[in-house]
Amino acid sequence: MEETTAEAAEPTVEGGAPAADATTNGSKGRRSGSISKLEEEGDIAADYLEELLDIADLDGDIDIDIENGRASVAVVAEGNSHRRLQRLVGEGGDVLEALQELTRLAVQAQTGDRTRLLLDVAGYRAERRASLTALATEACERVKASGTDTRLEPMPAFERKVVHDAVAAAGLESESEGEEPKRYVVILAPTSGD
Amino acid sequence: MLADALEHLVRGIVGHPDDVRVTSKALRRGALLEVRVHPEDLGRVIGRSGRTAKALRTVVTALADGEPVRVDLVDVDRRR
């Protein structure tokens with residue numbers, strides 16, 4: 001159980017929002033920059049990615065947005081490029097995580113500040129978010145019915161964040177345990193006092 | 001294409017983009033990409049615990065689409 005207290009010390013270069021990865025879901029974006037700063041981050045990231053797509057002869061449009069106090073950049077399929085864009089996602093999103101890391105470094109190289117920019121390619125994160133939310137909601141039903149804690153499969157920080165949010169929405173609490181890259185979410189059974 | 005892509009990826013994350021050189025050699029076991037950067041940038045392209053180097057390799061390998069490719073990072077001083 002002590003391990004859960006180490007959550008906030010997790011390096012921010014992970015895929016998700018580390019400080020918000022614990023059960024504290026109510027304090028998003030407290031380190032968020034100004035809107036213009038986030039727009040600048042999105043623009044730098046878009047330029048970096050656009051040229052990469054160009055060189056690699058991959059078709060894709062780039063959407064820039066601001067979500068929960070961070071810049072969000074998505075490479076979306078154009079025409080029938082969806083399948084070819086998958087190579088920038090990789091198995092289990094490993095290429096996407098690597099590309100996000102490089103994109104964050106490219107932004108940092110120009111602004112001088114670290115960024116929590118989130119990258120998506122071909123809707124991968126959006127789909128994962130939907131299926132993880134469904135998985136977490138189902139698991140919560142089982143926890144409520146059985147009254148026992150349930151441990152989920154290990155997953156990256158971004159995905160644990162999605163699960164924590166879904167668990168909170170279902171009225172339960174959750175914690176992350178274990179060490180990266182095998183860190184996993186435990187959904188806690190309601191205590192008898194609740 | 002791979003060398004160009006790698007050069008672009010590295011140029012974007014270093015302090016001396018004009019000093020980035022990527023050369024490509026065809027080896028028996030696939031392509032070898034050698035990246036040269038300004039000595040001050042070597043730490044940057046390697047990253048904490050080799051994290052950035054690993055990210056560069058992951059993306060380049062993905063772009064190679066199944067062809068074997070190796071990425072070596074060299075700092076320019078070593079050539080002189």
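Any value given below was found using the heavy atoms of this structure, including those in side chains, with hydrogens, waters and symmetry copies removed. Not measured: the values here are computed from a predicted model. Each chain gets a letter, A, B and so on, in the order its sequence line appears, and its residues count up from 1.
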Please check if atom CG in A:Asp113 has more than 12 non-hydrogen atoms from other residues, nucleotides or ligands closer than 6.0 Å.
-> yes
Could you pull out all donor-acceptor pairs under 3.5 Å where a side-chain atom in residues 53-65 of chain B meets a protein atom, sequence neighbours excluded?
{"residue": "B:Arg57", "atom": "NE", "partner": "B:Val71", "partner atom": "O", "Å": "3.1"}
{"residue": "B:Arg57", "atom": "NH2", "partner": "B:Val71", "partner atom": "O", "Å": "2.9"}
{"residue": "B:Thr58", "atom": "OG1", "partner": "B:Lys54", "partner atom": "O", "Å": "2.9"}
{"residue": "B:Thr61", "atom": "OG1", "partner": "B:Arg57", "partner atom": "O", "Å": "2.7"}
{"residue": "B:Asp65", "atom": "OD2", "partner": "A:Arg87", "partner atom": "NH2", "Å": "3.3"}

Across all chains, not counting sequence neighbours, the side-chain contact (heavy atoms from CB on, under 4.5 Å) partners of B:Arg44 are A:Ala109, B:Asp41
For chain B, find its close neighbours in residues 127-140 of chain A: heavy-atom separation under 4.5 Å, sorted by number, or none.
-> none
Measuring heavy-atom distances to chain B, does A:Leu88 have an atom under 4.5 Å in its side chain, in its backbone, in both, or in neither?
-> side chain
Give a yes or no answer on whether the side chain of A:Tyr48 reaches the backbone of B:Leu9 with a donor-acceptor pair at less than 3.5 Å.
-> yes
Nearest-0.5 Å distance that lies between atom CD1 in B:Ile13 and atom CD in A:Gln110 = 12.5 Å
Output for pair (B:His8 NE2, A:Leu102 CG), nearest 0.5 Å, gives 10.0 Å
Same hydrophobic cluster for B:Leu32 and B:Val74, using side-chain heavy-atom links shorter than 4.5 Å among ILVMFWY?
-> no
Indicate, with yes or no, if B:Ile46 and A:Leu105 share a hydrophobic cluster defined by side-chain heavy-atom contacts under 4.5 Å among Ile, Leu, Val, Met, Phe, Trp and Tyr.
-> yes
Interface residues of residues 52-66 of chain A facing chain B - non-hydrogen atoms under 4.5 Å apart = A:Leu52, A:Ile55, A:Ala56, A:Leu58
